[in-house]
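Before any comments, here is the structure.
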Amino acid sequence: MYQRFKDCLLKPRNIADYIKEPKKKTIIYTSILLIVYLIPLILISLLSNTSVTKLSSSISNDLIEAEQINYEIKDGKLVSINDDNTPQVIKAKIILSDAYLVNALYVFDISGENYLDSLNVDKGAYLVLLFKEEAFNISTIEVTDTKTNENNTPGITVSSKVNSEKDKSDFSLLTLSYSDLEIKNINFSNNKSNNSINFKNEIATIVSSIYEKIKIKLLPLIILFVIILGVGSYFFSVVFITLLFKLLYRYLQVDFGTTFKTIVLCSTPYVICSVLASLTGLLLLDIVGQCFMIGYATKALTTYKIKYDGGVPLPRYMQDMMNNNNEEKGSDDDEL
């Protein structure tokens with residue numbers, strides 16, 4: 001396996017000798033490449049706080065742009081600053097990653113249940129960040145329909161994965177007390193203050209505290225998420241290069257399966273370049289790796305055709321030129 005890796009990395013013409021090998025060996029080699037490809041992605045995801053920073057920034061910006069918030073956490077308890085315990089709901093979209101937004105509701109409700117009575121949102125699934133009297137709760141709800149209740153006021157129908165007996169319920173994912181999060185005092189009514197830096201820092205403290213409490217539980221999900229994205233990214237590149245190669249080198253007359261297998265073997269330099277790109281942050285290396293794949297595949301399949309498949313056929317334009325020359329020569333002979 002080491003010799004295969006060495007040839008696939010440094011000697012593209014030698015890759016032709018591995019194209020006709022059993023698929024089982026190719027699958028094993030591909031699995032090794034994927035492990036090499038995924039390990040730095042997983043480590044970076046586990047060690048980096050970039051996602052936490054982006055999430056914290058997203059939440060603090062949502063709260064700053066919201067209307068005046070009438071609640072604060074004082075001595076470890078959520079209280080209303082104007083003695084009005086009417087729940088407040090803020091609709092927003094939270095940035096969970098660079099390409100993924102989720103509908104969210106920031107809810108300030110001392111009881112943790114009253115906000116559903118007056119909730120007025122569109123149909124769909126929502127992530128609920130709920131500040132209750134003594135605890136912070138993360139849950140999901142799915143609004144399935146709007147309705148009018150007995151008092152002719154707007155209402156909703158909420159479905160739950162846990163409890164279908166009640167007309168309105170939620171699916172709790174996490175509950176942490178403010179004492180567990182080491183949060184004693186934070187005034188959410190300062191969201192409109194000119195000094196928003198302090199408010200952002202307070203929100204960052206909350207997000208970091210929550211993350212520190214739940215990150216061990218999130219490890220399996222983070223690893224699974226990275227594996228799915230990593231495997232998808234790898235095979236997308238391989239399939240894309242395979243289709244591109246089939247388009248550019250049709251004259252080689254190689255079937256899709258053989259081309260795909262060759263591209264997988266030729267993806268070795270791409271994997272190494274991707275690992276270096278992850279470690280250094282130079283995304284250009286990823287593109288360089290894809291260019292290597294095309295160049296290596298050209299040499300590998302050309303060598304394969306010469307050694308095992310009767311030689312390399314001429315491109316169509318060269319065949320047409322030769323046919324035209326033969327026709328012209330034939331015409332000259334006829335005249336003689």
Side-chain angles (χ1 to χ4, degrees), residues 1-45 223-316 318:
M1 195 62 67
Y2 170 76
Q3 186 60 42
R4 177 194 293 253
F5 180 83
K6 184 178 178 180
D7 287 341
C8 290
L9 182 61
L10 302 173
K11 301 178 181 179
R13 287 188 175 87
N14 290 357
I15 295 175
D17 299 329
Y18 301 107
I19 294 176
K20 294 181 70 68
E21 284 190 344
K23 293 181 180 179
K24 182 179 180 180
K25 291 186 177 181
T26 304
I27 292 174
I28 294 174
Y29 185 73
T30 306
S31 301
I32 294 174
L33 286 181
L34 282 173
I35 292 173
V36 174
Y37 181 77
L38 291 172
I39 285 177
L41 296 178
I42 294 173
L43 291 177
I44 290 172
S45 298
I223 293 174
L224 179 61
F225 184 70
V226 172
I227 289 175
I228 292 174
L229 286 182
V231 172
S233 174
Y234 171 80
F235 280 108
F236 174 81
S237 295
V238 169
V239 172
F240 174 76
I241 297 299
T242 301
L243 295 174
L244 182 63
F245 193 89
K246 287 286 291 179
L247 180 65
L248 296 177
Y249 297 93
R250 287 179 295 177
Y251 70 91
L252 287 177
Q253 299 176 12
V254 181
D255 62 85
F256 182 87
T258 301
T259 304
F260 180 81
K261 186 176 181 180
T262 305
I263 298 297
V264 168
L265 294 170
C266 295
S267 67
T268 304
Y270 165 70
V271 169
I272 300 302
C273 286
S274 295
V275 170
L276 294 175
S278 299
L279 296 177
T280 63
L282 297 175
L283 299 181
L284 182 62
L285 289 174
D286 198 70
I287 299 175
V288 171
Q290 293 181 356
C291 294
F292 269 119
M293 270 202 288
I294 296 176
Y296 274 37
T298 302
K299 291 184 178 181
L301 281 176
T302 301
T303 305
Y304 169 78
K305 292 289 290 186
I306 293 172
K307 293 178 67 173
Y308 302 108
D309 202 18
V312 179
L314 293 174
R316 183 178 295 275
M318 295 184 66

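- Looking only at atom types and distance, the side chain of Tyr234 has a donor-acceptor partner in the side chain of Ser267 under 3.5 Å away.
- Remark: Phe292 pairs with Tyr296 by the ring-ring contact (aromatic ring centres under 6.0 Å, His included) rule, at least two apart or across chains.
- The environment of Lys299 atom NZ is sparse: at most 12 non-hydrogen atoms of other residues, nucleotides or ligands sit within 6.0 angstrom.
- Residue Phe245 holds its CZ atom at 12.5 Å from CZ of Phe256, rounded to the nearest 0.5 Å.
- The nearest pair of heavy atoms linking Leu285 to Cys273 is O-CB, 3.2 Å.
- Just one of Leu33, Ile39, Ile32 meets the side chain to side chain contact (heavy atoms under 4.5 Å, CB included) condition when paired with Ile35; it is Ile39.
- Residue Ala277 comes nearest to Leu283 through the heavy atom pair CB-CA, 4.5 Å, listed as atom of the first residue, atom of the second, then distance.
- At distances below 3.5 Å, at least one donor-acceptor pair connects side-chain atoms of Lys261 with backbone N or O atoms of Glu21.
- The shortest distance between side-chain heavy atoms of Tyr29 and Tyr18 does not fall below 4.5 Å.
- Sparse packing is recorded around CZ of Phe240, with 12 or fewer heavy atoms of other residues, nucleotides or ligands lying under 6.0 Å away.
- With sequence neighbours excluded, the residues forming a side chain to side chain contact (heavy atoms under 4.5 Å, CB included) with Asp286 are Tyr270, Ser274, Gln290, listed by chain and number.
- The distance from the CG atom of Leu41 to the CG atom of Leu229 is 9.0 Å, given to the nearest 0.5 Å.
- Rounding to the nearest 0.5 Å places OG1 of Thr268 at 14.0 Å from NZ of Lys6.
- Applying the side chain to side chain contact (heavy atoms under 4.5 Å, CB included) test to Ile19 and every residue at least two apart in sequence or in another chain returns Thr258, Thr262, Leu265, Leu301, Tyr304.
- Looking only at atom types and distance, the side chain of Ser278 has no donor-acceptor partner in the side chain of Tyr37 under 3.5 Å away.
- A distance of 10.5 Å separates CG in Leu43 from CG in Leu38, rounded to the nearest 0.5 Å.
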Audit row: Ile272, Leu9, side chain to side chain contact (heavy atoms under 4.5 Å, CB included) steps and yes/no: CA-CA 9 Å; Ile272 300 302; Leu9 182 61; 4.0 Å; yes

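- Residue Phe235 holds its CZ atom at 13.5 Å from CD1 of Ile263, rounded to the nearest 0.5 Å.
- Distance check, rounded to the nearest 0.5 Å: CE of Met293 to CG of Leu244 gives 10.0 Å.
- Looking at Thr30 and Thr26, their side chains come closer than 4.5 Å, going by heavy atoms from C-beta outward.
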